[in-house]
Peer 1: 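Dropping a structure here in structure tokens format, bear with me for questions.
Chain letters run A, B, ... following the sequence lines, proteins first, then strands; residues in each count from 1.
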There are 2 protein chains.
Amino acid sequence: MERAVSTSTSSTGTQAIDRAALLVATVVRADEPLSFLDLHDECGLPKSTTSRLLTALERTELLERNASGSYVAGPLFWLYATRHDQWDELVRLARPTLERVSKDTRETVNLSVTRGDRVVQVAQVDSTYMLGTRDWTEVDVPAHCSALGKVLLAYGVLDVQQGELEQVTPSTITDREVLQRQLAQVTRRGYASTVDELEIGLTGIGAPVRGSGGEVIAALGVSGPSTRLENRLDELGRLLNDRAEQLSGLLRRRTRKEGVA
Amino acid sequence: MERAVSTSTSSTGTQAIDRAALLVATVVRADEPLSFLDLHDECGLPKSTTSRLLTALERTELLERNASGSYVAGPLFWLYATRHDQWDELVRLARPTLERVSKDTRETVNLSVTRGDRVVQVAQVDSTYMLGTRDWTEVDVPAHCSALGKVLLAYGVLDVQQGELEQVTPSTITDREVLQRQLAQVTRRGYASTVDELEIGLTGIGAPVRGSGGEVIAALGVSGPSTRLENRLDELGRLLNDRAEQLSGLLRRRTRKEGVA
DNA sequence: CTACTAGTTCCATTATATGGAACTGGATTC
DNA sequence: GAATCCAGTTCCATATAATGGAACTAGTAG
């Protein structure tokens, strides 16, 4: 009986596992409870097989059924999640994106999040190299004059600090009014920039990365000499926004089923 | 050919999946890279089978190999982790423990963590009922007079607040010196208590819960009328420490292999 | 060069997964 | 309260797909 084709780069002796893994991946990626039928449709396996596999996956704690009988990721996934810092995982998932941006722009790329009321860089591609361990470079750069900081401020992940805004260079914005107007613009355009505001000759551009619920959780950006970047702000801003959007898509719970609109 | 016995409550038509799941579970639970041979030994499957299954699991993103070729949890696990809040997962994993303590003691049981410099309750079993959603009861109780707060202070998860220590009841400790000595005792005994310090007639007892690296991440405790609890402090302290220890074990990366000491 | 150790590939064998069809059990309708 | 439908499970004959011993390969040490 000639089956359509083997799925992907066919392998031998693992049909059952490939199918089971397909079910697990579907559930995890969907990130919303999927009913038996959802899975049956989505994965295109015969009912009996689907049933058998799901039962086995539930027994082995890879999947679990919620109160209404739909399937969700099982205890093994929880266990993993509690043991691993979610920023760590963000970094792992973001890595390809960072490298892509690095390749696109040839500039220093980084990803920042807030920790308390500080902006910390959690990953960086610098020519080639990437900060790895938990001991992150806690760059203590004032948020109001860095591009990534502005992104986080603009989307309300961080609040503008109390008191005086430090005048780091002659270009630094110290007027709260002006800053607020600029932040509003950031949300409109979808990217932030700083030219010479943090350091003379240094330009940075950043865009927001959104998490599961659509809330901004991080900022993706590039920085480099103003000479190379200052007249490409918009181009790079769009690029970053694009890439950040893609990354967000990866993090976002797939809102509905993918089949029908 | 009579095989020893079927594993567990044998099921039909899923040998391959059961075995594959066993491999995945072993890797995830170990939470340290396991080599091919580790898995071969640990799971007791023939080499060829192990190899075949591992290859399939890697292909399907359930597992992944690190630089040195050892197996670790794959992209699907990362994805799950970034999408889910680790406190959420802590609550899920802790639920059975909480319920057990509830059954043991018949008192209100809760689990607290720090968020910023506040102590927040993330789960509670109260007679029967459990807070579920993300909108946690942010009990804003001063740390220095609650048992869970003391645990978090004692283990340095939280710092004793600046300024005056509020005198909530006549029994509240307001002398930093005295508090420090008591906190030292907490780490020695493995549990903390407050009798009438937060509210007259209210006693609480708490013990530390440790995370992946062995660091304290939460506190597990019970509270109830002093009349019922004040002369069982040590007994309950031990009980809680015990249960908290068990929960910690669940969260802790299994430090070495389990086989040989 | 020889002897290991770690892991992959082969391939004959058959145990094992498969899937169509029959079945169950709970809603929903008439 | 029977009849109908839908979601999901169980059955079972079939042959496909997983199995595992042994041969093989690659890398390392002695």
Peer 1: Check the distance between C:dG20's P and A:H40's NE2 and give it to me in whole angstrom.
Peer 2: 10 Å
Peer 1: Can you name the salt bridge (charged side-chain N to carboxylate O under 4.0 Å, His left out) partners of A:R238, sequence neighbours left out?
Peer 2: A:D234
Peer 1: Specify the residue among B:L45 and A:S35 whose closest nucleotide of DNA chain D lies further upstream toward the 5′ end.
Peer 2: A:S35
Peer 1: Under the rule for salt bridge (charged side-chain N to carboxylate O under 4.0 Å, His left out), what residues qualify as partners of B:R100, not counting sequence neighbours?
Peer 2: none
Peer 1: It should be established whether B:Q15 places a side-chain nitrogen or oxygen under 4.0 Å from OP1 or OP2 of nucleotide C:dA15.
Peer 2: no
Peer 1: For B:Y71, what residues pass the ring pair (Phe, Tyr, Trp, His ring centres under 6.0 Å) criterion, not counting sequence neighbours?
Peer 2: none
Peer 1: Apply side chain to side chain contact (heavy atoms under 4.5 Å, CB included) to A:A56 and list each qualifying residue two or more places apart in sequence or on a separate chain.
Peer 2: A:R59, B:T14, B:I17, B:D18
Peer 1: State whether A:E42 and A:R29 are salt-bridged, where the test is any N-O pair (Lys NZ or Arg NE/NH1/NH2 against Asp/Glu carboxylate O) under 4.0 Å.
Peer 2: no
Peer 1: Just how far, in rounded Å, is C1' of D:dA18 from CG of A:D18?
Peer 2: 12 Å
Peer 1: Rounded to the nearest Å, what distance is computed from the CZ atom of residue B:F36 to the C1' atom of nucleotide C:dA6?
Peer 2: 8 Å
Peer 1: Measure CG/B:L34 against P/C:dA6 and give the value in whole Å, please.
Peer 2: 15 Å
Peer 1: What orientation do B:Y80 and A:F77 show, parallel under 30°, tilted 30 to 60°, or perpendicular over 60°?
Peer 2: tilted
Peer 1: Which parts of residues 46-55 of chain B get close to DNA chain C, meaning a heavy atom less than 4.0 angstrom away?
Peer 2: B:K47, B:S48, B:S51
Peer 1: Please identify each residue that fulfils side chain to side chain contact (heavy atoms under 4.5 Å, CB included) with B:L22, with sequence neighbours left out.
Peer 2: B:T26, B:C43
Peer 1: Please tell me if A:R19 has a side-chain N or O lying less than 4.0 Å from either OP1 or OP2 of C:dG19.
Peer 2: yes
Peer 1: Using the side chain to side chain contact (heavy atoms under 4.5 Å, CB included) criterion, which residues pair with B:D242? Sequence neighbours excluded.
Peer 2: B:Q246
Peer 1: How would you list, by chain and number, every residue that makes a side chain to side chain contact (heavy atoms under 4.5 Å, CB included) with A:P96, sequence neighbours excluded?
Peer 2: none
Peer 1: Specify the separation, in whole Å, of atom CG of A:L39 and atom P of D:dT9.
Peer 2: 12 Å
Peer 1: In degrees, rounded to 10°, what is the bend between the two ends of the helix from C:dC1-D:dG30 to C:dC30-D:dG1, using five pairs at each?
Peer 2: 30°
Peer 1: To the nearest Å, give me how far apart CD1 (B:I17) and C1' (D:dA17) are.
Peer 2: 13 Å
